[in-house]
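Take a look at the structure below.
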Amino acid sequence: MSPVGLLSRLVSAVTDARRASLIRIIIGIDAVLRGAEAREIMLKVSAPTALQLPIFDWLRVPAQPWLDLFIGAWVLLAAAFAVGWRTRWAGFALFAVMFASLFFDQQTFSNHLHFISIIVLLLSLAGAGARYSVDARMGRGALVIPEWPLTLLKIQLSLLYFFGSLSKINAVYLSGVVLESNLKDSSLISLPPELRTLEVCAILSVISVVADMALAFGLWLRRFRMATAVAGIVFHFMMVALLTSNLAGQLSMFAVACIALYLLFFPTRAPSPRILAETQARNPSVALRA
Amino acid sequence: MTPESSQKLTARQRAAVVFFVVFLAIQIVVPACKLFGSRPERFGWQMYAGAKAPSTVNLIREDGTEKTVPVSFYLGNYRSDLDLIEALPPFLCAKDRRTKTVRLNFLYSEPLEFPCHR
């Protein structure tokens, strides 16, 4: 099949809406919590005595009361997205708000925020308000949704792990100094001093590079999928537990976002004839086979 | 489940194809380019890949005395991917008029010194 044919087939495919809707709820709650945290960060960043590092001269952390209005909009949009009210538009607006905040200042950037903003965008494109939502209750739901945004989400997760691994292949990281400086007594799990050596951290660094790369590809392989998902959950848990406690909140939310997407890699039952008939009625341009 | 197209793609589906390709291109090209910069870079998924920002500063005064301060003291939110070399020295010089030289100390590389120009 030609690439054009493959892409055509890709954008025509539909899938059960339940997984994406579940993920929507998780990510929506994540975004609400992240909004509250963003306010604290932005207040500190914009304090008069602090050094500000704007990325663009014309874009800064909003001054009060605009900051509270901005965060208020963020939290309300995230809540609307989570409960699935006007999901698509709430999602697009939430994406715009979160993505814009990445550029207010170098200090307001966060990989987690970058990631969940992309997840929100793709879930909105997919129509993830189709199930388990206010929209569904009010007759705006659907049993199946386009699959292509969810395929992009799966690829995005794999790219995150892939580049996360590649970027760690450097002399500094592999020497163990980065991990050693981030292992603290105040972490949830504190390694005993005899295990907190540079040599042990170097071994852990190599393991983390291999783990990241395995996660990038393992979820796509049916034979290794479950084992990879379990390994991913353990990997994220260890990161949250071992690294500095003041980052535990962010790392936890990041872990939740990544793990939620694992659901997409596990197939659901084929839609029933009723679903297929309903979908055909709504989309006469495609013919569905059970 | 994959449908068989009985007709050509609709305008919406053609837009989806364009979005798919453009989105994927951006999500691959941007992080790939960031691999050529110093670790870690923003938008490159380079979590914990290194530490570009200095961790402490030494404020060296005219009389030779030195004061060591964590960089996080001057920031609202310290991150290891901050580009501080241009902005931090003049900020510190302006903040403490007695400072003659600012030394930025990095976790994984040699320190850098910047004289205060007044």
Side-chain angles (χ1 to χ4, degrees), chain A residues 4 7-15 41-47 49-53 102 105-111 114 118 125 144 146-148 151-152 155-156 159-164 166-168 170 172-173 177-179 181-182 208 243 254 270-271 276 285-290, chain B residues 1-10 12-21 23-24 27-28 30-32 34-35 37-51 53 55 71 73-84 86-88 90-92 94-95 107-109:
Chain A
V4 172
L7 281 169
S8 301
R9 193 168 158 161
L10 190 71
V11 297
S12 304
V14 294
T15 187
I41 291 172
M42 289 186 198
L43 280 172
K44 287 179 190 170
V45 166
S46 56
T49 51
L51 172 62
Q52 278 146 46
L53 300 164
L102 296 172
D105 192 287
Q106 289 187 45
Q107 300 167 85
T108 59
F109 176 82
S110 131
N111 287 291
H114 180 205
I118 291 173
L125 282 168
V144 295
E147 192 166 19
W148 66 266
T151 303
L152 274 179
I155 296 172
Q156 181 62 70
L159 288 173
L160 181 150
Y161 286 132
F162 179 74
F163 285 109
L166 269 191
S167 66
K168 290 182 176 73
N170 62 78
V172 170
Y173 184 80
V177 293
V178 176
L179 275 188
S181 62
N182 282 286
S208 70
L243 300 180
F254 190 75
L276 296 176
S285 64
V286 297
L288 303 174
R289 49 185 161 80
Chain B
M1 179 190 66
T2 308
E4 294 165 356
S5 296
S6 55
Q7 297 177 14
K8 284 186 180 173
L9 291 179
T10 63
R12 197 167 183 155
Q13 287 169 332
R14 283 199 296 274
V17 169
V18 171
F19 183 94
F20 193 100
V21 172
F23 180 92
L24 208 52
Q27 297 306 323
I28 291 172
V30 170
K34 296 288 183 176
L35 288 172
S38 52
R39 306 279 196 273
E41 289 275 352
R42 292 185 296 279
F43 298 102
W45 309 118
Q46 297 183 5
M47 294 80 67
Y48 287 100
S55 55
V71 170
F73 180 77
Y74 299 106
L75 296 168
N77 185 38
Y78 178 84
R79 293 181 54 82
S80 57
D81 55 17
L82 296 175
D83 294 315
L84 286 170
E86 254 188 59
L88 188 57
F91 174 81
L92 293 173
K95 207 162 178 66
L107 280 174
Y108 317 123
S109 58

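Because the structure is a prediction, the values reported are computed rather than measured. In what follows, every chain begins at residue 1, and chains take the letters A, B, ... in the order their sequences are listed.
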About how many Å separate CD of A:Gln52 and CZ of B:Phe91, when rounded to the nearest 0.5 Å? 8.5 Å

Between B:Tyr48 and A:Ser208, is the side chain to side chain donor-acceptor pair (under 3.5 Å) condition met? List the steps. CA-CA 11 Å; B:Tyr48 287 100; A:Ser208 70; over 6 Å; no

Checking side-chain contact (heavy atoms from CB on, under 4.5 Å) between A:Leu51 and each of B:Leu82, B:Leu88, B:Leu92, which is the one that passes? B:Leu88

Could you pull out all residues at least two apart from B:Phe73 that satisfy ring-ring contact (aromatic ring centres under 6.0 Å, His included)? none

Determine the option with the most heavy-atom pairs under 4.5 angstrom with chain B, choosing from A:Leu102, A:Leu43, A:Leu53. A:Leu53

Output the option from A:Lys44, A:Gln156, A:His114 having the highest count of non-hydrogen pairs under 4.5 Å with chain B. A:His114

Using the test side chain to side chain contact (heavy atoms under 4.5 Å, CB included), find all partners of A:Thr151 that sit at least two apart in sequence or belong to another chain. A:Leu10, A:Glu147, A:Ile155, B:Phe20

How many angstroms lie between atom OG1 of A:Thr49 and atom NZ of B:Lys95, to the nearest 0.5 angstrom? 5.5 Å

Could you tell me whether the side chain of A:Gln107 and the main chain of B:Asn77 form a donor-acceptor pair under 3.5 Å? yes

Heavy-atom distances under 4.5 Å only: say whether A:Ile118 touches chain B with side chain, backbone, both or neither. side chain

Where on A:Leu125 is there a heavy atom nearer than 4.5 Å to chain B: the side chain, the backbone, both, or neither? side chain

Contact part of B:Arg14 toward chain A, heavy-atom cut-off under 4.5 Å: side chain, backbone, both or neither? neither

Give, as side chain, backbone, both or neither, the part of A:Asn170 having an atom under 4.5 angstrom from any heavy atom of chain B. side chain

Per-residue contact mode, A:Leu7 against chain B (heavy atom under 4.5 angstrom): both

A:Val172 portion near chain B, given a 4.5 angstrom heavy-atom threshold: side chain

Please give me the minimum heavy-atom distance between B:Gly76 and A:Ala50, naming the atom from each residue. N-CB, 4.0 Å

Just so I understand: if I count every heavy-atom pair under 4.5 Å between each of A:Ile41, A:Val178, A:Leu159 and chain B, which residue has the most? A:Val178

Chain B contact via A:Phe254 - side chain, backbone, both or neither, heavy atoms under 4.5 Å: side chain

Heavy atoms only, distances under 4.5 angstrom: which of A:Leu166, A:Val45, A:Leu160 has the most pairs with chain B? Name it, please. A:Leu160

Are the aromatic ring centres of B:Trp45 and A:Phe162 under 6.0 angstrom apart? no

Heavy-atom closest contact (A:Ser12 atom, B:Gln13 atom, distance): OG-NE2, 3.7 Å

Which portion of B:Ala16 sits near chain A, non-hydrogen atoms under 4.5 angstrom: both

Looking only at A:Ala47, A:Ser110, A:Ser46, the option with the highest number of non-hydrogen pairs under 4.5 Å against chain B is A:Ser110

Distance-only side-chain donor-acceptor flag, A:Gln106 / B:Arg42, under 3.5 Å: yes

